[in-house]
Enquirer: 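Handing you this structure, nothing more for now.
Here is how names work: the chains are called A, B, and so on, in the same order as the sequence lines, proteins then strands, and each is numbered from 1. Just so you know, these numbers come straight off a predicted model, no measurement behind them.
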Amino acid sequence: MHAYRTHTCGQLRKSDVGATVRLSGWVNRRRDHGGLIFIDLRDHYGITQCVIEPDAPAFAVVDQLRSEWVVTFTGKVVHRLEGTANSDLPTGDVELRIETVAVQGRAQELPLPVFGDLDYPEETRLTYRFLDLRRERLHKNIMLRANIVTSLRRRMIEQGFTEFQTPILTASSPEGARDFLVPSRRYPGQFYALPQAPQQFKQLIMVAGFDRYFQIAPCFRDEDGRADRSPGEFYQLDLEMSFVTQDDVFNAVAPVLAGVFEEFANGKKVTPADQFPRIPYAEAMLKYGTDKPDLRNPIEIVDVSTVFGHADVEFKAFKNKIVRAIPAPGAGPQPRSFFDKLNEWARGEGAAGLGYIQFEDEGGTLVGKGPIAKFIPAAALAEMVKIAGVKAGDALFFSADAKADRAANLAGMARTRIGRELNLIPQDEFKFCWIVDFPMYEWNEEEKKIDFSHNPFSMPQYDREKFLSLNNTDAETILGLKAYQYDIVCNGYELSSGAIRNHDPDVMLKAFEIAGYTREETEQKFAGMLNAFRHGAPPHGGTAPGIDRIVMLLAGEENLREVTMFPMTQQAQDLLMNAPSPANQKQLKELHLRVIYPEK
RNA sequence: GGGGGCGUAGCUCAGUUGGUUAGAGUGACGGCCUGUCACGCCGUAGGUCGCGGGUUCGAGCCCCGUCGCUCCCGCCA
C-alpha cells in the first residue's frame with residue numbers, strides 16, 4: 001500500500017465499500033461525541049468523513065487531532081448508517097472507519113480559519129496566504145485561473161499561433177510607466193529594466209519571420225495599485241501577427257475571448273465573437289463619457305450644449321459650456337435625497353454640481369420639474385426631450401464644463417452611478433466591444449507639448465507622405481490624427497489594448513519627432529527596432545488581453561487579489577515573503593550602489 | 001504625493017452622552033456526550049482597545065500626530 005494514499009479525499013463512493021484504503025489530507029473539521037469522533041478529511045479533490053470509536057486502538061491519537069493537522073488514515077470504507085448520508089458531499093454515502101493514523105504535520109492555532117466562508121482582514125490573509133489558499137473560494141479561483149490559461153493556450157495554438165518566451169532582463173524604454181530597474185554587476189552605473197510588456201520583442205519576432213506569436217507574458221510596471229490593477233506585475237495574453245489589417249486582428253482575437261468567456265461564464269450571456277460593436281473613441285467619449293464603457297448600462301449620454309446656447313434659455317451657469325445630458329430612466333419619482341446625493345457626489349468630484357430636470361405628464365404634455373426647469377422654455381425643453389429620448393417619469397442630469405473632456409468625464413461617472421443606483425445593470429451578462437480610432441497624440445497641458453496618447457508604436461491613420469511632411473505648426477492636424485489603435489472592453493473593464501504597428505522607420509522617426517524626441521534620441525533608444533525595420537519588416541499588429549482581469553470577471557470577483565496566488569498589498573509589499581527588503585552591504589558593493597535615504 | 005473608510009480577545013464583531021471590573025459569538029484548553037456533518041451541554045484561560053502624545057477628576061469613546069490594511073485621485077505608452 002502506498003505510504004500516503006490509495007485514493008484522494010474526493011474519490012470514494014458506494015462501490016468502494018468493503019475496501020481497505022488509505023487517505024491523506026488536512027483535518028477540515030472535527031466533531032467529538034466523546035464516544036465517537038468524526039473527522040472531515042480534506043485535500044485538493046474533496047472531503048471524506050472519517051470516523052472512529054473508543055475501543056479502536058488509534059482512538060487516543062485521533063482524539064488529539066486538531067484543525068489543519070495533516071494526517072494519514074488507513075481503514076475500511078463502510079456505508080453510512082441509514083439516514084446519515086450527506087448529500088452535500090460527493091463522498092457523502094460512505095465514510096472511512098479509521099484503523100490506523102499517522103500524523104504528518106501538526107498545526108498551531110490558526111490566525112485564519114480554513115473552514116467557513118467569513119471575510120478576514122487583507123493583512124492576515126496576505127501574511128498567511130498559504131492558509132487562505134486552502135479555503136474554498138481562493139482555491140476555486142486559482143484553479144479557474146489555471147483552466148482559463150490552459151484554454152487560452154489551446155485556443156491560440158489551434159489558430160496557428162506559437163508561444164515564444166522573451167527576456168525578463170531587458171532595456172528601459174521611454175514613454176509609458178515607471179520601470180523596475182535591476183542594477184548591473186558587470187557594468188557599474190548601468191541597469192536592466194523589467195519589461196512593461198514584451199512590445200519590442202514581439203515586433204522583432206515578426207521581423208524575424210515567425211508570423212504568429214503569443215505568450216502568457218509577465219509585465220512589470222512600477223505603478224500604484226487599484227482593485228483592478230495589481231501593483232508591480234501582471235500577466236497578458238500577448239499576441240502579434242504579420243501581414244494583417246485591423247480586421248484580421250479582430251477576427252483572430254474576438255473568438256478566443258468570446259470562446260473562453262462562453263466556456264467559463266457559467267451560463268452568463270456573452271457577446272458573440274462576430275458581434276463585438278466597434279465604437280470610435282470620440283463616440284465612446286460622447287455617449288459613455290469614458291473609453292471603457294460598460295455596455296450593460298443602457299444609459300446613453302447626449303450633448304445638449306446648443307439647447308442651453310439658445311437666447312431664450314436663461315440658465316447662465318451652462319452658457320458657453322459643453323453640456324452633456326445623462327438620461328435617468330424611471331428616476332423621476334425618486335425622492336429629493338436621490339438627486340441631492342448625486343449632486344453632492346459630483347461636488348466631491350470637483351464639479352460645480354449635477355443639475356437635473358424631472359419629467360412629468362401634465363394633461364398629456366410633458367413638463368419639466370426641478371430647480372433649473374423654470375429657466376428652460378417649452379420649445380427648448382421639447383428639443384432636449386427629443387435629443388435625449390426621455391419620457392414622463394424619467395429624469396435628465398447635466399454635466400457642464402468649459403472643457404469638453406471634463407464634461408464628458410463627469411457625465412461618464414454619473415452614468416455609471418445612476419445606472420447602479422437605479423439597478424439598470426444586468427449582472428448576468430458579459431458585454432464586449434472594440435474601441436477604435438484612438439487619437440495618435442494628445443496635448444499635455446502641464447508641459448505644453450504634444451504627447452503620444454497611447455502606444456508610440458502605432459501606425460497613424462494618415463497618408464505616409466503627408467505625415468512625413470507635417471511640422472509642429474500643424475498642431476490642429478496632429479492632434480486630430482487617429483491611429484490604428486484599439487482596445488477591447490468588457491463590462492467597463494479595459495481587457496486588451498493593441499494596434500497595427502508602425503513598421504516604417506521614417507514614419508517612426510517622424511512620429512517620435514512630433515512627440516518631442518530628436519531623430520538622434522529615437523535612433524539611440526530604439527536602435528534595435530529601427531535597425532530591424534531597415535532590414536525588411538512585414539506589416540504587423542496585435543494586442544494583449546489582460547489575463548488577471550479576464551479571470552477576475554469570470555470568477556465574479558471585484559479585486560485582482562482574489563484571483564492572484566501570491567499578491568502584494570496596495571503598497572506593493574509581499575507580506576508573506578517580506579518583499580521588498582534591504583540588500584546587505586556585500587550585495588550593494590557588488591552592484592556599485594549606495595543607498596541615500598529620503599529626508600524625513 | 002493627496003483624500004475617504006477601517007483598526008477592540010487567535011478570528012468575526014458589539015461597546016450608549018466620556019463614568020465602576022471592556023462584552024458576545026467562534027476558536028483554544030479541560031470535562032461530559034455513540035451518528036454528527038456550523039454536532040450539543042458545562043467550565044477555564046485569553047485584552048498594550050494599532051502606536052505615541054494631549055484634554056479631563058476620569059478616555060476604547062474627544063483632540064493632535066503616527067503606523068498598518070483598504071478604496072479612490074494622481075500615475076497607469
Enquirer: Cut-off 3.5 Å, side chains only: do Thr166(A) and Gln215(A) have a donor facing an acceptor?
Expert: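 Distance-only check passes for Thr166(A) and Gln215(A).
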Enquirer: Among Tyr484(A), Phe533(A), Phe526(A), find the residue that satisfies the ring-ring contact (aromatic ring centres under 6.0 Å, His included) test when tested with Phe457(A).
Expert: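 Single pass found, and it is Phe526(A).
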Enquirer: Do we see a donor-acceptor contact under 3.5 Å between the side chains of Gln203(A) and Gln199(A)?
Expert: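 The criterion, which ignores hydrogens and geometry beyond distance, is satisfied for Gln199(A) and Gln203(A).
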Enquirer: Between rC72(B), rC76(B), rU34(B), which nucleotide has the shortest distance from any of its atoms to the side chain of Gln570(A)?
Expert: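 Of the candidates, rC72(B) comes closest.
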Enquirer: Which of the following nucleotides, rC69(B), rC75(B), rG35(B), is nearest to the side chain of Glu95(A)?
Expert: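 From the listed options, rG35(B) comes nearest.
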Enquirer: Between Asn343(A) (side chain only) and Leu354(A) (backbone N and O only), is there a donor and an acceptor less than 3.5 Å apart?
Expert: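 Side chain of Asn343(A) to backbone of Leu354(A): a pair is present.
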Enquirer: Looking at RNA chain B, which of residues 508-531 of chain A put a heavy atom within less than 4.0 Å of it?
Expert: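 Close to the strand, none.
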Enquirer: With centres under 5.5 Å and planes under 30° as the test, does His33(A) stack with rC39(B)?
Expert: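 So yes, this residue stacks on that base, both cut-offs being met.
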Enquirer: Using a heavy-atom cut-off of 4.0 Å across all strands, would you classify Arg80(A) as base, sugar-phosphate, or nothing?
Expert: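 Base: the residue Arg80(A), judged by heavy atoms under 4.0 Å, touches a nucleobase.
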Enquirer: Please determine whether a side-chain nitrogen or oxygen atom of Arg29(A) lies at a distance below 4.0 Å from atom OP1 or OP2 of rG27(B).
Expert: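 Yes, Arg29(A) has a side-chain N/O under 4.0 Å of OP1/OP2 on rG27(B).
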Enquirer: What's the gap between rC39(B) and rU44(B) when it is taken at their P atoms, as a whole Å value?
Expert: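 About 23 Å, rounded to a whole number of Å.
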Enquirer: Indicate, yes or no, whether a donor-acceptor pair under 3.5 Å links the base of rC69(B) to the side chain of Arg125(A).
Expert: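 No, no donor-acceptor pair under 3.5 Å.
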Enquirer: Is there a donor N/O on one and an acceptor N/O on the other, under 3.5 Å, for the side chain of Asp32(A) and the base of rC33(B)?
Expert: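 Yes.
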Enquirer: From the options rC37(B), rG74(B), rC69(B), select the nucleotide whose nearest atom is closest to the side chain of Arg226(A).
Expert: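 So the side chain of Arg226(A) is nearest to rG74(B).
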Enquirer: If the C1' atom of rC42(B) is compared with that of rG53(B), how far apart are they to the nearest Å?
Expert: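 Looking at atom C1' only, rC42(B) and rG53(B) are 46 Å apart.
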Enquirer: Going by heavy atoms closer than 4.0 Å, what residues in residues 83-92 of chain A are next to RNA chain B?
Expert: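 Thr84(A), Ala85(A), Asn86(A), in order of number.
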Enquirer: Would you check if the side chain of Thr170(A) reaches a backbone N or O of Pro167(A) as a donor-acceptor pair within less than 3.5 Å?
Expert: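 Not confirmed, Thr170(A) side chain does not pair with Pro167(A) backbone.
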Enquirer: Among rU36(B), rU12(B), rC11(B), which nucleotide has an atom closest to any side-chain atom of Phe38(A)?
Expert: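 Of the options given, the side chain of Phe38(A) lies nearest rU36(B).
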Enquirer: Is NZ or CZ of Arg29(A) both nearer than 6.0 Å to the six-membered ring centre of Phe115(A) and within 45° of the ring axis?
Expert: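 That pair qualifies as a cation-pi contact.
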Enquirer: For Glu99(A), is there an ion pair with Lys76(A) - N to carboxylate O distance below 4.0 angstrom?
Expert: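 Salt bridge: no.
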Enquirer: Which part of the nucleic acid, if any, lies within contact of Pro456(A), taking any heavy atom under 4.0 Å across all strands shown: a base, the sugar-phosphate backbone alone, or nothing?
Expert: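 Result for Pro456(A) = base.
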Enquirer: Just N and O in the side chain of Gln573(A): are any of them under 4.0 Å from OP1 or OP2 of rG68(B)?
Expert: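 For rG68(B), OP1/OP2 do not have a side-chain N/O of Gln573(A) under 4.0 Å.
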Enquirer: By nearest atom, which of the nucleotides rC69(B), rU34(B), rC11(B) is closest to the Glu123(A) side chain?
Expert: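 Output: rC69(B).
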Enquirer: Taking NZ, NE, NH1 and NH2 as the nitrogens, is one of them in Arg30(A) or Asp32(A) under 4.0 Å from a carboxylate oxygen of the other?
Expert: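 The answer is yes: the pair qualifies as a salt bridge.
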Enquirer: Does Arg31(A) make a side-chain N or O approach to OP1 or OP2 of rC33(B) shorter than 4.0 Å?
Expert: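 So the side-chain polar atoms of Arg31(A) never come under 4.0 Å of the phosphate oxygens OP1 or OP2 of rC33(B).
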Enquirer: If you go through the side-chain atoms of Arg97(A), does one of them form a donor-acceptor pair with the base of rG35(B) closer than 3.5 Å?
Expert: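 A donor-acceptor contact between them is present.
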Enquirer: Any N or O donor-acceptor pair linking the side chain of Arg561(A) to the base of rU70(B) at under 3.5 Å?
Expert: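 No, no donor-acceptor pair under 3.5 Å.
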Enquirer: Looking only at side-chain atoms of Glu109(A), point me to the closest of rG27(B), rU70(B), rG35(B).
Expert: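 Within the option list, the nearest is rG27(B).
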Enquirer: For Thr8(A) and Asp43(A), which I'm curious about, is there any donor-acceptor pair between the side chains at under 3.5 Å?
Expert: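 No.
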Enquirer: Output the pairing pattern of RNA chain B as a dot-bracket string, 5' first, Watson-Crick or G-U wobble with both distances under 3.5 Å, | for cross-strand pairs, [ ] for crossing pairs.
Expert: (((((((..((((.....[...)))).(((((.......))))).....(((((..]....))))))))))))....
Enquirer: For rG4(B) and rA45(B), measure between their P atoms and round to the nearest Å.
Expert: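 Pairwise P distance, rG4(B) against rA45(B), rounds to 43 Å.
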Enquirer: Any idea which of rC71(B), rC29(B), rU12(B) is nearest the Arg66(A) side chain?
Expert: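 The nucleotide sitting nearest to the side chain is rC29(B).
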Enquirer: Between rG25(B) and rU21(B), how many Å separate the two P atoms, rounded to a whole number?
Expert: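 That atom pair is separated by 23 Å.
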Enquirer: Salt bridge check, Glu68(A) against Arg134(A): does any charged N sit closer than 4.0 Å to a carboxylate O?
Expert: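 Looking at Arg134(A) and Glu68(A), the cut-off is met.
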Enquirer: Just call it for Asn559(A): base, sugar-phosphate, or nothing, with non-hydrogen atoms closer than 4.0 Å on any strand.
Expert: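 The answer is sugar-phosphate, as Asn559(A) gets under 4.0 Å only of primed atoms, P, OP1 or OP2.
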Enquirer: Any side-chain donor paired with an acceptor under 3.5 Å for Glu557(A) and Asn141(A)?
Expert: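 Judged by distance alone, the side chains do pair up.
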Enquirer: Any side-chain heavy-atom pair from Ser24(A) and Val70(A) closer than 4.5 angstrom?
Expert: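 The answer is no, as the side chains (C-beta and beyond) never meet within the 4.5 Å cut-off.
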Enquirer: Considering only atom C1', compute the distance from rG19(B) to rC71(B) and round it to an integer number of Å.
Expert: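 It comes out at 37 Å once rounded to the nearest Å.
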Enquirer: Do you see a donor-acceptor pair shorter than 3.5 Å between the side chains of Asn455(A) and Gln485(A)?
Expert: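 There is no such pair between these side chains.
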Enquirer: Taking rC72(B) as the reference, what is the distance to rU26(B) when you measure between their C1' atoms (whole Å, please)?
Expert: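 The answer is 34 Å between these two C1' atoms.
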Enquirer: Give the nucleotide from the list rC76(B), rC72(B), rC69(B) with an atom nearest to the side chain of Leu575(A).
Expert: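 Taking heavy atoms from C-beta onward, the closest nucleotide is rC69(B).
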